[in-house]
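One structure is given below, encoded as structure tokens.
Throughout, residue positions are numbered sequentially from 1 according to the sequence presented. Every number for a ligand or one of its atoms is a count from 1 in the order of the listing.
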Amino acid sequence: MSQARRTDVAIIGAGTAGMAAYRAVKAAGLSALLIEGGPYGTTCARVGCMPSKLLIAAAEAAHHARHTAPFGVHVDGPVRIDGHQVMQRVKSERDRFVGFVLDSVNNIPQSDRLPGHARFIGNTQLLVGDSTVVDASRVVIATGSSAVVPDMYAALGDRAIINDDVFAWDTLPGSVLVVGPGVIGLELGQALARLGVRVTVLGRSGGLAGISDPAVRDNAFQAFSAEFPLCLNAEVTSVERTDQGVHVQYRDRRGQHTEQYDYVLLAVGRRPNIAGLGLENTLAKLDDRGMPAFNRQTLQLDGIPVFLAGDVNAQWPLLHEAADDGRIAGQNAAAYPAVSPGSRRAPLSVVFTDPQVMHVGLRFRQLPDSGVVTGEVDFADQGRSRVMLKNRGLLRVYAEQQTGRFLGAEMVGPAAEHLGHLLSWACQQGMTISQMLDMPFYHPVIEEGLRTALRDAARQINA
Ligand SMILES: Cc1cc2nc3c(=O)[nH]c(=O)nc-3n(C[C@H](O)[C@H](O)[C@H](O)COP(=O)(O)OP(=O)(O)OC[C@H]3O[C@@H](n4cnc5c(N)ncnc54)[C@H](O)[C@@H]3O)c2cc1C
Ligand SMILES: NC(=O)c1ccc[n+]([C@@H]2O[C@H](COP(=O)([O-])OP(=O)(O)OC[C@H]3O[C@@H](n4cnc5c(N)ncnc54)[C@H](O)[C@@H]3O)[C@@H](O)[C@H]2O)c1
């Protein structure tokens with residue numbers, strides 16, 4: 001027997017964006033229904049940001065323990081890694097973070113929550129599960145994204161894994177081939193390598209951690225390829241399931257390779273969760289991949305009161321952007337038809353490798369063809385970085401020649417997560433290089449490296 005529900009705003013997906021949208025709709029005094037087809041807890045807490053950082057933290061502990069000798073400090077005897085204990089901490093701390101999300105879900109009145117997979121049967125009408133029809137005045141789609149699994153790996157069954165599977169392990173495997181040297185591939189690949197897993201990371205089109213500045217990318221390549229086999233232009237020619245794991249053949253500049261791994265970790269990108277949503281039953285304009293046309297400022301789909309928030313819109317698939325998207329979509333859904341562009345922050349991304357990678361504002365590839373100066377610092381001789389033996393990396397800052405306005409930066413190097421925050425705040429304030437140089441710099445700190453890059457840019461602006 002079918003059930004009918006009526007609400008002002010239906011929100012599909014109780015992830016970071018969906019929960020933020022729900023809060024915004026309720027704050028505006030409208031009714032909202034939060035529909036979730038999978039487990040509660042969010043991608044970030046369950047299988048994304050948090051468990052990956054927990055694995056990285058264990059890897060950093062192992063790495064530090066193995067690299068004390070240059071300081072004259074010796075850990076006599078081998079560093080022993082207990083894979084069970086590593087994964088136990090990753091999972092129990094992860095569960096703690098998920099628990100906080102579940103608490104906030106439980107604080108949402110039961111009548112505002114609807115479990116089940118949702119699909120459109122009209123512009124703002126949804127079928128949830130097999131029998132519940134939801135009539136909404138507006139809808140927010142916040143269904144997230146899923147890891148892409150290229151066809152050639154499907155035959156490997158449970159030996160072809162994605163990030164979710166790593167965080168379900170009870171112990172560490174012996175070997176993993178990581179396909180995709182993007183953010184996920186590098187974060188997890190390096191962490192596993194430092195935890196004693198034999199790791200190879202393969203890319204196919206030269207990309208590395210999303211870095212677009214060739215000088216920064218080269219510097220990053222030197223750092224990572226010194227730690228584990230890393231090839232950015234490889235072609236995997238065959239993969240075959242064996243009793244022991246996976247038999248892999250790939251080709252790179254050095255020739256053909258035949259190797260055996262326990263698992264192939266696929267980290268070749270993520271795809272918006274749009275398929276199966278039934279958008280063809282609405283008036284949304286869909287492209288050839290089924291993506292609806294939408295306004296990037298208001299997040300509204302062209303022509304219908306439906307909004308697209310978080311990873312599913314593929315604008316900036318990052319946690320803080322998903323939360324902002326959810327707020328903007330929720331506010332606009334509530335205010336519809338009086339929608340307005342949401343306020344955005346300066347772009348900032350951080351990759352939690354060692355050395356870390358970050359970008360702020362405009363990326364190198366987005367810079368105008370002329371009228372830009374680039375200041376840089378190589379961290380090899382940077383004082384505090386050298387003191388701590390963290391002296392590898394390159395920071396490049398971009399500024400408008402005419403006005404001196406700071407435009408953006410790309411970096412691989414020490415404390416990039418912190419330098420990235422300083423720079424993104426300056427970017428959002430619209431500061432010039434000279435205003436940034438007027439700010440305090442303590443001694444001796446890694447931020448003095450940033451000052452060197454800013455001075456380099458200032459010299460060129462003044463010339
Ligand atoms: C390994 C990894 C590490 C990451 N690390 C970081 C990091 O360090 N920093 C950072 O900023 N970002 C990181 N991210 C990205 C970040 O996790 C995402 O940007 C963010 O979680 C996206 O939130 P969301 O709300 O869009 O999607 P989600 O949290 O995935 O929520 C979508 C929800 O929609 C539900 N759903 C889907 N379809 C339907 C349907 N038809 N009906 C009902 N429900 C549906 C799903 O079950 C899911 O619960 C990482 C991602 C991964 C995978
Ligand atoms: N620290 C963070 O903020 C963080 C961490 C993890 C994930 N994320 C988010 O998750 C998103 C997805 O991450 P991702 O690493 O899956 O995607 P990605 O787009 O960052 O990287 C995918 C990489 O795989 C390569 N690739 C594509 N097809 C390939 C193939 N067939 N063989 C070999 N290489 C191939 C691409 O060239 C690219 O280098 C990121 O863009 C980011 O927004 C963020």
Side-chain angles (χ1 to χ4, degrees), residues 10-21 34-53 55-56 101 105 114-120 126-129 140-153 162-164 166-167 177-189 201-211 231-236 250 264-278 308-323 325-326 348-353 356-358 417:
I11 297 149
I12 311 176
T16 302
M19 303 257 286
L34 186 58
I35 304 164
E36 173 55 61
Y40 289 110
T42 75
T43 291
C44 175
R46 286 189 315 104
V47 290
C49 331
M50 302 315 285
S52 57
K53 266 79 263 179
L55 192 75
I56 289 167
V101 181
V105 171
L114 183 60
H117 190 270
R119 64 190 304 272
F120 285 83
L126 306 170
L127 177 66
V128 178
V140 175
I141 303 173
T143 50
S145 61
S146 303
V148 171
V149 177
D151 290 344
M152 74 178 288
Y153 298 96
I162 59 167
N163 55 291
D164 301 34
V166 169
F167 307 125
L177 172 69
V178 179
V179 180
V183 185
I184 294 179
L186 267 192
E187 283 190 355
L188 296 185
V201 180
L202 299 182
R204 67 168 182 192
S205 44
L208 182 64
I211 304 168
C231 176
L232 303 184
N233 291 292
E235 187 194 354
V236 178
Y250 67 92
V264 176
L265 171 59
L266 296 165
V268 297
R270 294 178 67 84
R271 183 179 288 143
N273 290 331
I274 283 291
L277 266 183
L308 207 55
D311 276 16
V312 69
N313 71 27
Q315 289 206 88
W316 298 289
L318 299 171
L319 188 275
H320 66 283
E321 299 286 2
D325 269 10
L348 166 65
S349 69
V350 177
V351 185
F352 294 90
T353 45
Q356 294 182 333
V357 174
M358 71 86 180
E417 64 180 280

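- Sorted by first and then second residue, the pairs that involve residues 308-322 and meet salt bridge (Lys or Arg N to Asp or Glu O under 4.0 Å), not counting sequence neighbours, are Glu321-Arg344.
- Ligand 2 has a nitrogen or oxygen under 3.5 angstrom from a nitrogen or oxygen of Glu187.
- Protein non-hydrogen atoms do not reach within 4.0 Å of atom 36 (C) of ligand 2.
- Proximity of Leu319 to ligand 1, defined as any heavy-atom pair under 4.0 Å, is shared by backbone and side chain alike.
- Residue contact check for ligand 1: Gly116 places a non-hydrogen atom closer than 4.0 Å to it.
- With sequence neighbours excluded, the residues that form a ring pair (Phe, Tyr, Trp, His ring centres under 6.0 Å) with Tyr250 are His257.
- Considering backbone and side-chain atoms together, Pro317 places an N or O closer than 3.5 Å to an N or O of ligand 2.
- Looking at atom 13 (C) of ligand 1, its nearest protein heavy atom turns out to be Cys49 SG, 3.4 Å.
- Proximity of Ala267 to ligand 2, defined as any heavy-atom pair under 4.0 Å, is confined to the backbone N, CA, C and O atoms.
- Using a 4.0 Å heavy-atom cutoff, Phe352 is listed among the residues neighbouring ligand 1.
- Ligand 1 lies nowhere less than 4.0 angstrom from a heavy atom belonging to Met19.
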message = Would Leu188 and Val178 count as a side chain to side chain contact (heavy atoms under 4.5 Å, CB included) here? Give the steps.
response = CA-CA 9 Å; Leu188 296 185; Val178 179; over 6 Å; no
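- Atom 39 (C) of ligand 1 has Thr143 CG2, 3.6 Å as its closest protein atom, hydrogens excluded (heavy atom only).
- Remark: distances from the non-hydrogen atoms of Ser349 to ligand 2 are all 4.0 Å or more.
- Heavy-atom distances between Lys53 and ligand 1 reach below 4.0 Å in at least one pair.
- Contacts between Val350 and ligand 2 below 4.0 angstrom, taking non-hydrogen atoms only, involve the backbone exclusively.
- At under 3.5 Å, not a single nitrogen or oxygen of Gly203, backbone or side chain, sits near a nitrogen or oxygen of ligand 2.
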